[in-house]
Each structure stands twice: as C-alpha cells, then as structure tokens.
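Below is one structure, written out as structure tokens; comments come after it.
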Amino acid sequence: MAVEGLALLARPDRLASICGKEHCMRYSKLLLPTLKEVPSEAETVSHQLLLRAGMIRKLASGIYDYLPLGLRVLRKVEAIVREEMNRAGAQEVLLPAVQPAELWQESGRWQVYGKELLRFRDRHDRDYCFGPTHEEVITDLVRRDVHSYRQLPLNLYQIQTKFRDEIRPRFGLIRGREFIMKDGYSFDVDETAADQTYEAMYDAYSRIFRRCGLRFKSVEADSGPIGGSFSHEFMVLAETGEDVVVSCIACDYAANLEKAEVVSAAETGNEAPAPLTKVHTPAVRTVAEIADFLKISPARILKTLLYETDQGVVAVLLRGDHEVNDVKLKNLLRVNELALAGEAVVRRETGADVGFAGPLGLQVPIYADQSLRGLANLAAGANEDEHHYTGVNLDRDVDVRQYADLRQITATDPCPRCGAALEFLRGIEVGHVFKLGYKYSQAMQATFLDANGQERPMFMGCYGIGVSRIVAAAIEQNHDADGIIFPVPLAPFHVLVIPIALQDEQTMTTAQTLYEDLTAAGLEVLFDDRDERPGVKFKDGDLLGIPFRVVLGPKTLAQNAAEVRDRRSRTMALLPLASLVNELRQRVQAGIQT
RNA sequence: CGGGACGUAGCGCAGCCUGGUUAGCGCGCCUGCCUUGGGAGCAGGAGGUCGGCGGUUCAAAUCCGCCCGUCCCGACCA
C-alpha cells in the first residue's frame, strides 16, 4: 500500500490532469473568489465555508456551481472512491442521467416514487425522468448482456450527477437536489454469493472513508420492507448531522436511531388490578397535562395513536413517556404508506377529539409496544370528549392483536446486544450499502441460466456514496474559527507558498524555485503571487484550509530559511531552505493513507 | 404541503412603520498615491428595472393585491 502512495506522489502528471496547465496554480490566475462576510443564506458551517472559500456558488435552491477549488476537492474524493472500488473488483460504467419512463413503469416505481422524481417530456411527448438512482437502468443493461452464471458475479458502479427534487433542500452540499453520487450495483447467483460481495463492499467503504481522513461510524440501518436482510449506513460524525446514531459504549453495536432495537426489561409490577374508572378530565389532552392532572407519572399513561395506512386504520399503544418509531411500525404492518390520522378520522374511530383516544372499545386492529406488557392500572383516553379512564389493564380490558418493539430507543435503554449503556451521536450519512435481493431482477426479468440450465433471477446489491456530500461532511468535521482544515487526502492543494515581498527579487526567485521543486516532487502547490498585503494572504490561506503553508520573505531568507506552518495545529517552524522539499513531502505523505 | 421570515449594487445591511431631495452605509471592484508579517490609509471613480406584475395616489423602495424567488422550523426522504 505504501508503495502506491509513493507512486502517487511521484506522478505530478496526475495532478496536472486535474487542473490542466501549471498557471492554474497561480493564485492571481485562479477563479477563487473568497468572501469576507458570511452569505446570509448559509446556516451550517460547511455551507458557509464552501461559499466563503470560493468553492461553490448557488445557482438555484439545492443546485450549485463547483468552482476550480471545489472541483479539485471533489476530484480527490472521486479518485479515492475509484481506486477502492476498482481494487474491490467493481467496474466503472457511466449511465444516462435522463431515463425513459418505461423502465420505471416496469419496476413499478413510476407510480410509487412521488414528487421527488423529476419528470419531464421530450418533444415527442414521451415521459422521462432525471435519474435519482439507477437500479432500473443498470438492471436493464445487465439483463440484455448477461445470461450465464459464468458471467457472475458482476459489480458495476458509476460516479454521476443525480437529481432528487427534495421537499426541502438545505445545508448547501449536504442536502442538495442535484448532487454527485457514486452508485454501485452487484449481481450474484444467489444470496450466499451476494453476502460475499456485500462484505467486500463494506470493507471497501471502510477503506474509502478512512482514506478520506474522516471520523466515521458504520451503523446498522433499516433495509425497508424490501430487503429484509441487512443494511449498513456510513456516518460521518458531526454535531450538525441530520441523523442520530445510537452507539454502545462497550461493544461495537451501532445503529441508526430508526433501526435501533429496544429490549424491554420485564416490568414486574405485581399490583393488583384496579377497577376501571372513568374520570372527568376537562381540557386535558397531552400526556404531560394528563400526568399533571391525575398526579401520576407519564410512564403510567397509555398513549393511543391512530394511523392511517394503505391497509386501513390501526391503533398503536405506547407508554406515555415513549415515542413511536414509524419505521418499526411500517415494517411490522408491512405497509408502504403510514401517516398519523387526522382529526376527522380520530373522531370517526373514537367518537372523541384528538387527545381522548383510548384502546377500549376501538374497532380497529390494536398493536402495542412490548414495554406495555404486564403493566397494571394505567390511565388512558376514554374515547369520549373530556374523559379518561384509570385502572386500565390491557390483559383484562383490551384485545391487543400483537405486542412488538414499536418505539424509539431512548438514552436510558440498554444496548440490545450486551446490555451496556448507549450513547447518542449525530452523523451525516455518506454511504449506504444494502442487499436489494430480487426486487428489480424479478420485476425486470434479469435472469441467468445456472449450471443446471435452470433460469434464475440475479440477486442484487446496491451501494451508494454521496461524493459531493463528503466534501461538506469533511468540512463540518474539520474547521476552526478561521476556516477549513482539510484532511491532507482531500485538500485542494497540499502546500500554499506565500512570498511576502513581491518587490524583493530574491524572495520571488526563491519562491518560484520552491514552487517548481515542490511540484516536481509530486506535491500540489498553490502559489500566492497576488500583490496583496501579507495579512490578506494569511487570512485567505487559513480560510482555504490548505494543510501546509510556506512563507518566504527577506527576513528569513537572510538566514537561508523559510517558515512552515501546519494549518491544523497552527505550529510554525523555521526550516532551512534546502530541507523544505523533503520535509514537506514527508509531512504530506504522512497525511495520506492508501 | 403547513408555520415563520426575508427579497434594496457582487456580498452584508439601513431606509419602509409615518409616501415627497439626486436611494444610503460597510466590504468588494476600478484609478492614483502611500503602505507591506494577520483582511492598512488617503483621494477619486464605476456599479441600482429597490424581486416581478397590477392597484391606490398629484407622487410608491415605502401603502394594498397577486405572482416569483430564497432561507428557517415541521411533515417527508433509495
């Protein structure tokens, strides 16, 4: 591995191919419009810094231009992704962004996908969409050209612009509508073979995010009603993350909040069942109000929620201090659509306003969270305005169809694997691997003949990485008050060379020579040749987040030395000119894992 | 889609409530002088359909209506 790292450093042509001609490395010629002030539209750090550092500009809501610096970072991420995908045996393809509706109708998603799918018509009035993902296209490709078990397994990926018409784009590159994604799809003869592919992808992903210099965690995720099998998300840990990750402090269990299993400690209340009593509870609707009114703990209140699903209305019972987990409920009921019932439905089913619903006398199927099992003498709505019951005992009073894990895990719940304490972390999802199974291969007849001449559908897997999102996530995780602190592997340049006195001939020649030597040594160097005061250059340098800075001026040159500063640690060292190239090469190399 | 806010020069904002000079300020930009180790100073300058359309009025950035766009909270999210 180390050998390849050296090879990379020894090949400046690789870099030239990213940026083109050498003159791009001159700050005065680069389109690098930095901003002193924070654009008002940006709320999160990464969004603010991406704009301020001149890396992106907004064209429309959730749609961004990538300027030269931003593109360089994007290319860095792509390069790492490519290397690791190829190393893991995947092959790169490039599929169309515009896709015909027929394919989506074939898989059934044309109906299901909803408004997030950007649809349009061509001049012949034929329906198309801009691909938000490419299962249909890849399955179509494979079914036409792969027919034998001898051609499997097959693992194809692409790095491409996607479009999802998000309800609410936000946080700049973190949740854009147009974004760049690596999506990969695998085809195997059966699930056993697919498991191996999954493992290989999981490992490749771990290497990718490690090489990007990110602090991340892989967590168990919900695989939806399709897979049934496992699925993992890769989360970059950051305060501003949109997702909540539950992680065990003792063992290596970690899961998405939605997926995290709850194991209920058996509550052994051997209270004798009290008689059912109806209580007048005027203007008392919320759990907190009821608890207050009846002078009991929220844990002793039975919360009854009505849900509308594509299979009809159901009731869900929870302890008053617990929250329902929609994903778990959806999976249990095996429904696609699920929504909390509106006032009208509640009135129809319970005969009362929202806030007075209870399980007694309900005609709809009742599902209860497992933590309610065995609890005695609870308070619940009476299905009558301004009334609640006390002394409710589910075993005695209610026909519960099924007890199940239906609630959101809390910080006080134990780890479902080892029983130790859990911690809640925030993360940004940058990768997702999961088994698709036969969903698409069956719907679209992607089949092959096995060794016995039997026709069988291929077992598919799907693997995504948010390439542009990684750029933002890296910044969320690596910044300070002065700007970005790029991990070396993602930095747009390794070294920033700043000559301090433009009119001093010796300074300029030395800087120019240093720039050339560093470049020849395989380092990527930005040469700040602007006629600006030093303070301006320092501020911009810090903002851009280039890992190492070399400042050259008459003062240090008199000692045949230059000042090298580490962006992250802010440490400075005065080093002999002769040692600069070597020193910087070592520092950069130390920051790049392969 | 529901709730909230905003739209005035490239960026950040004031002016609007209480209609009436030539629509201001800071940053950035251009020219010159000066300065050169943490976003200097002085002088001069360019840059505006005040988001759009319509209405009220002698007169609209300002009041009213509709539309468009943007951001925040929520519901939603392979």
Side-chain angles (χ1 to χ4, degrees), chain A residues 33-44 47-48 51-52 54 57-63 104 107 109 112-117 131-136 138 162-172 174-177 179 181 183-185 221-227 231 233 242-243 256 258 326-327 330 336-340 342 429 431-436 439-440 460-466 481-483 498-504 507 528 530-544 549-557 562-563 565 570 572 574:
Chain A
T34 57
L35 267 25
K36 274 191 196 175
E37 288 171 289
V38 181
S40 59
E41 70 192 34
E43 197 76 3
T44 42
H47 192 191
Q48 292 175 352
L51 289 166
R52 286 191 56 210
R57 288 292 183 261
K58 187 179 70 180
L59 180 62
S61 178
I63 301 178
W104 286 71
S107 71
R109 287 161 109 194
V112 179
Y113 215 94
K115 290 195 179 169
E116 203 174 310
L117 184 63
T133 175
H134 281 69
E135 282 85 0
E136 283 82 0
I138 198 86
K162 303 275 196 257
F163 193 94
R164 292 180 191 176
D165 203 353
E166 295 278 349
I167 297 169
R168 185 149 93 84
R170 57 185 131 179
F171 307 146
I174 291 180
R175 182 169 292 263
R177 292 193 294 171
F179 58 99
M181 175 171 170
D183 51 326
Y185 308 89
D222 178 62
S223 49
I226 329 155
S231 160
E233 286 172 353
E242 289 184 280
D243 293 299
N256 185 310
E258 312 231 286
D326 286 358
V327 172
K330 226 183 240 187
N336 291 318
E337 299 297 321
L338 187 73
L340 211 48
E429 181 188 348
H432 195 171
V433 293
F434 64 98
K435 293 203 276 182
L436 281 176
K439 179 180 162 85
Y440 296 94
M460 293 174 59
C462 167
Y463 318 93
I465 289 183
D482 291 316
I498 299 183
I500 221 92
L502 293 198
Q503 70 295 105
D504 180 63
T507 301
D528 193 348
R530 293 177 300 167
D531 184 11
E532 288 287 356
R533 298 164 61 85
V536 173
K537 296 186 177 190
F538 295 154
K539 286 289 185 189
D540 274 333
D542 286 351
L543 178 61
L544 301 183
R549 182 183 84 189
V550 183
V551 176
L552 293 156
K555 277 182 224 162
T556 58
L557 244 40
E563 175 195 284
R565 178 173 177 267
R570 297 168 165 266
M572 295 208 254
L574 198 61

With [atom1] as the reference atom in both, quote the distance from [N] to [M] in angstrom, rounded to an integer.
N: B/rC66; M: B/rG12; atom1: C1'; value: 30 Å
N: B/rA5; M: B/rG44; atom1: C1'; value: 40 Å
N: B/rC58; M: B/rC42; atom1: C1'; value: 46 Å
N: B/rG48; M: B/rU8; atom1: P; value: 15 Å
N: B/rC17; M: B/rG26; atom1: C1'; value: 25 Å
N: B/rC68; M: B/rU49; atom1: P; value: 23 Å
N: B/rG24; M: B/rC50; atom1: P; value: 14 Å
N: B/rC6; M: B/rA46; atom1: C1'; value: 29 Å

Pair A/E135 + A/K439, salt bridge at N-O below 4.0 Å: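 Looking at A/K439 together with A/E135, the answer is no, because their closest N to O distance does not fall below 4.0 Å.
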Under-4.0 Å salt bridge between A/R570 and A/D542: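 No, no charged N to carboxylate O under 4.0 Å.
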Nearest whole Å is fine: how far is [N] [atom2] from [X] [atom1]?
X: A/Q48; N: B/rG12; atom1: CD; atom2: P; value: 12 Å
X: A/E532; N: B/rA40; atom1: CD; atom2: P; value: 8 Å
X: A/E242; N: B/rC73; atom1: CD; atom2: C1'; value: 13 Å
X: A/L59; N: B/rU70; atom1: CG; atom2: C1'; value: 13 Å
X: A/D528; N: B/rG38; atom1: CG; atom2: P; value: 15 Å
X: A/E41; N: B/rC72; atom1: CD; atom2: C1'; value: 13 Å
X: A/D531; N: B/rC34; atom1: CG; atom2: C1'; value: 13 Å
X: A/R530; N: B/rG39; atom1: CZ; atom2: P; value: 14 Å

Identity of whatever pairs with [N] - Watson-Crick or G-U, under 3.5 angstrom:
N: B/rC53; result: B/rG65
N: B/rA9; result: none
N: B/rC29; result: B/rG45
N: B/rG74; result: B/rC1
N: B/rU22; result: none
N: B/rC17; result: none
N: B/rC34; result: none

Scan [X] against the nucleic acid and name what it touches under 4.0 Å (heavy atoms): base, sugar-phosphate only, or nothing.
X: A/D540; value: base
X: A/R549; value: base
X: A/E135; value: nothing
X: A/K58; value: sugar-phosphate
X: A/V551; value: base
X: A/D243; value: nothing
X: A/R52; value: base

When rounded to the nearest 0.5 angstrom, what is the spacing between OG1 in A/T34 and CG in A/L51?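 It comes to 12.0 Å.
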Between [options], which nucleotide gets closest to the side-chain atoms of [X]?
X: A/R168; options: B/rG38, B/rC27, B/rG74; result: B/rG74
X: A/I167; options: B/rC11, B/rC1, B/rU70; result: B/rC1
X: A/E116; options: B/rU70, B/rC77, B/rG37; result: B/rC77
X: A/R533; options: B/rA40, B/rC72, B/rG39; result: B/rA40
X: A/F538; options: B/rU36, B/rC11, B/rG38; result: B/rG38

A/E136-A/S107 side chain donor-acceptor pair, cut-off 3.5 Å: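 Checked: A/E136/A/S107 side chains pair up, N/O donor to acceptor below 3.5 Å.
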Does the Lys NZ or Arg CZ of A/R549 fall within the cation-pi geometry relative to A/F538 - under 6.0 Å from the ring centre and within 45° of the axis?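 Here A/R549 passes the 6.0 Å and 45° test against A/F538.
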For a quick test of reading the model: is some side-chain N or O of [X] closer than 4.0 Å to OP1 or OP2 of [N]?
X: A/K330; N: B/rC77; answer: yes
X: A/R170; N: B/rC72; answer: no
X: A/S40; N: B/rC13; answer: yes
X: A/K539; N: B/rG38; answer: no

Can you list the steps and then say if A/R170 with A/E43 is a side-chain contact (heavy atoms from CB on, under 4.5 Å)? CA-CA 9 Å; A/R170 57 185 131 179; A/E43 197 76 3; over 6 Å; no
If you define the side chain from C-beta out and look only at heavy atoms, does anything of A/R109 sit under 4.5 Å from A/T133?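 Yes; the side chains approach each other to less than 4.5 Å.
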Is there a donor on the side chain of A/R175 or the base of B/rC77 sitting less than 3.5 Å from an acceptor on the other?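 Such a pair is found, so the answer is yes.
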Do A/E37 side-chain and B/rG26 base share a donor-acceptor contact under 3.5 Å?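 Under the 3.5 Å cut-off, the side chain and the base do form a donor-acceptor pair.
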Checking side-chain contact (heavy atoms from CB on, under 4.5 Å) for the pair A/F163/A/D165: CA distance, chi angles, key distance, verdict? CA-CA 6 Å; A/F163 193 94; A/D165 203 353; 3.9 Å; yes
I'd like to know if the side chain of A/K537 and the backbone of A/D528 have a donor-acceptor N/O pair within less than 3.5 Å.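 Yes, A/K537 side chain to A/D528 backbone: donor-acceptor pair under 3.5 Å.
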Which residue, A/A42 or A/M572, contacts RNA chain B at a nucleotide closer to its 5' end, judged by nearest heavy atom?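 Whichever sits nearer the 5' end wins; that is A/M572.
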